Number of protein chains: 2
Amino acid sequence: MKLSKSTHYALHTMLHLTLSHAEGHTSVSKLAGHQQVSTTYLSKILTKLVKAGLIVSVPGANGGYKLKANWQETTLLDVIQAVEGLPPIFDYCEDHNPSCIIQQSIQKAEKNFLEELGTMKIADLAEEARNVPHH
Amino acid sequence: MKLSKSTHYALHTMLHLTLSHAEGHTSVSKLAGHQQVSTTYLSKILTKLVKAGLIVSVPGANGGYKLKANWQETTLLDVIQAVEGLPPIFDYCEDHNPSCIIQQSIQKAEKNFLEELGTMKIADLAEEARNVPHH
DNA sequence: CCTATTATAGATAATGTGTGTCTATAATAG
DNA sequence: CTATTATAGACACACATTATCTATAATAGG
Ligand code: SF4
Ligand code: SF4
């Protein structure tokens with residue numbers, strides 16, 4: 001029961017891209033500079049965000065990454081699922097008995113958890129982060 | 001982001017012990033017989049439940065496991081935390097910046113998730129399971 | 001064009017965790 | 001005393017995560 005280190009990198013990158021959105025593209029080397037992660041490893045994670053449609057990439061000189069068109073709508077859930085794939089939290093159960101009370105109970109809690117993450121917009125977090133020192 | 005297979009075994013065992021609570025102790029070999037798991041492996045998981053105080057063990061002939069005294073209060077959260085340890089879902093963050101907005105947001109959702117699991121009593125699940133075919 | 005820059009993709013390795021087995025020990029009932 | 005049962009430790013295995021290295025493709029600018 002955890003969120004991976006990769007997800008942590010992705011969330012920080014999304015927060016940074018949102019805060020510096022007006023400045024155009026940002027290269028992976030600059031994005032990695034804000035965290036303790038290599039450029040090659042971070043680039044693999046960012047490619048997942050690109051394929052999920054959360055950010056846009058431009059190769060070549062002066063290229064890099066920027067947020068997608070309607071970036072204001074992106075939520076924590078979008079980023080988490082882009083990196084980790086679709087859940088499920090209750091890993092072992094392969095849905096082979098829909099009437100099972102254990103499965104039902106955990107999936108109910110899981111659903112609420114994901115829905116709450118789906119209401120948390122990166123743009124809102126960035127707005128709050130402007131007012132607070134960050135490391 | 002997942003719950004382990006061991007947790008699955010633990011939940012099924014707790015459900016079974018609750019359903020057959022009137023019958024006294026049950027040996028690990030019988031409990032393992034209801035699932036596809038070896039006795040030695042399941043016994044390690046059950047020992048965690050014993051140390052967490054959720055069940056009681058008696059060694060020796062005619063020994064086995066039974067639920068603790070006020071077994072009606074045990075929740076899904078109790079079982080999960082007994083097996084997996086205390087969370088955290090957001091693994092990488094070691095609490096080193098309480099003002100971080102990412103940490104705050106995820107911990108808020110996590111707190112609600114755990115609280116919901118804390119309201120789900122095994123005894124209630126067992127009561128519902130009596131009315132439904134189970135595999 | 002040519003070159004520097006940048007993203008992408010593949011192969012590969014290191015690490016850690018979950019899963020599982022085997023064996024030995026301790027405790028209890030009869 | 002013996003059979004039964006829980007507990008504990010050592011160990012092995014599979015798998016996912018993390019990470020590095022290298023090669024390739026695409027773009028900007030001269
Ligand atoms: S018994 Fe229930 S929880 Fe276990 S695998 Fe089947 S459906 Fe899932
Ligand atoms: S920056 Fe925030 S989320 Fe990342 S490790 Fe620090 S406190 Fe945790």
Side-chain angles (χ1 to χ4, degrees), chain A residues 1-10 12-13 17 24-33 35-68 80 82-93, chain B residues 1-13 17 24-33 35-68 80 82-85 87-93:
Chain A
M1 190 150 82
K2 64 173 187 178
L3 289 182
S4 71
K5 211 166 169 177
S6 292
T7 299
H8 181 267
Y9 297 144
H12 273 267
T13 301
L17 284 176
H25 294 95
T26 310
S27 69
V28 68
S29 53
K30 282 188 181 174
L31 291 169
Q35 313 171 49
Q36 282 188 318
V37 60
S38 69
T39 57
T40 46
Y41 188 50
L42 183 59
S43 78
K44 283 195 185 304
I45 299 167
L46 297 190
T47 299
K48 288 185 179 180
L49 299 181
V50 170
K51 290 187 175 172
L54 302 182
I55 60 179
V56 176
S57 67
V58 175
N62 297 329
Y65 298 93
K66 67 168 185 176
L67 300 177
K68 68 163 177 172
I80 292 170
V83 177
E84 310 231 340
L86 295 187
I89 291 179
F90 198 33
D91 192 30
Y92 181 58
C93 180
Chain B
M1 192 149 85
K2 64 173 186 179
L3 288 182
S4 71
K5 211 165 169 177
S6 291
T7 300
H8 181 265
Y9 296 145
L11 290 172
H12 273 267
T13 301
L17 284 176
H25 293 95
T26 310
S27 69
V28 68
S29 53
K30 281 189 183 174
L31 291 169
Q35 312 170 49
Q36 283 187 317
V37 60
S38 70
T39 57
T40 45
Y41 189 50
L42 183 60
S43 78
K44 283 194 185 305
I45 299 166
L46 296 190
T47 299
K48 288 185 179 181
L49 298 181
V50 170
K51 290 189 173 171
L54 302 182
I55 60 179
V56 176
S57 67
V58 175
N62 297 330
Y65 298 93
K66 67 169 185 176
L67 299 178
K68 68 163 178 173
I80 291 171
V83 177
E84 310 232 338
I89 292 179
F90 197 32
D91 192 28
Y92 180 56
C93 181

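The structure presented is a predicted model; accordingly, all values stated were derived computationally and were not measured. For the numbers below, each heavy atom of this structure counts, side chains included, while hydrogens, waters and symmetry mates do not.
- Among residues two or more places apart in sequence or in another chain, the side-chain contact (heavy atoms from CB on, under 4.5 Å) test is passed with A:T26 by A:L17, A:S20, A:K30, A:L31.
- Put simply, OH on B:Y9 is 13 Å from C1' on C:dT21, counting in whole angstrom units.
- A heavy-atom distance below 4.5 Å is found between the side chains of A:Q35 and A:T13.
- Between atom CD of residue A:Q36 and atom NZ of residue A:K5 there is a gap of 8.5 Å, rounded to the nearest 0.5 Å.
- Under the side-chain contact (heavy atoms from CB on, under 4.5 Å) criterion, A:A61 pairs with no residue, sequence neighbours left out.
- Of the two residues near DNA chain D, A:N62 and A:K5, the one whose nearest nucleotide lies more 5' is A:K5.
- Between the CG atom of A:L3 and the CD atom of A:E84 there is a distance of 5.0 Å, given to the nearest 0.5 Å.
- Residues A:T7 and B:Y65 each lie close to DNA chain D; by heavy-atom proximity, the contact nearer the 5' end of the strand is made by B:Y65.
- A 4.0 Å heavy-atom criterion places the boundary nucleotides of DNA chain D facing chain B at D:dT4 to D:dA10, written 5' to 3'.
- Applying side chain to side chain contact (heavy atoms under 4.5 Å, CB included) to A:Y65 and the options A:L54, A:V58, A:V28, A:V56 leaves one that passes, A:V28.
- In this structure, OH of A:Y41 is placed 16 Å from C1' of C:dA11, rounded to the nearest angstrom.
- With sequence neighbours excluded, the residues satisfying side-chain contact (heavy atoms from CB on, under 4.5 Å) with B:S6 are B:S4, B:Y41, B:I45, B:V83.
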- Message: Reading 5' to 3' and counting Watson-Crick or G-U wobble pairs with both distances under 3.5 Å, write the dot-bracket notation for DNA chain C, | for bases paired outside the strand.
- Response: ||||||||||||||||||||||||||||||

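- Scored by the side-chain hydrogen bond (donor to acceptor under 3.5 Å, both in side chains) test, A:T39 finds no partners at all (sequence neighbours excluded).
- Atom NE2 in B:H25 sits roughly 10 Å away from atom P in C:dA29 (whole-Å rounding).
- When each of A:T40 and A:A61 is assigned the nucleotide of DNA chain C with its nearest heavy atom, A:A61 is the one assigned upstream, toward the 5' end.
- Within the 4.0 angstrom heavy-atom criterion, only backbone atoms of the sugar-phosphate kind lie near B:S6; the bases stay farther away.
- The side-chain hydrogen bond (donor to acceptor under 3.5 Å, both in side chains) check on A:T47 picks up nothing, with sequence neighbours excluded.
- Applying the side-chain contact (heavy atoms from CB on, under 4.5 Å) rule to B:T40 yields the partners B:S38; only residues at least two apart in sequence or on another chain are considered.
- Looking at residues 43-55 of chain B, you'll see B:K44 sit with a heavy atom under 4.0 Å from some atom of DNA chain C.
- Other residues, nucleotides and ligands contribute over 12 non-hydrogen atoms within 6.0 Å of the NZ atom of A:K68.
- Residue contacts shown for B:V28 are limited to sugar-phosphate atoms, with no base heavy atom under 4.0 Å away.
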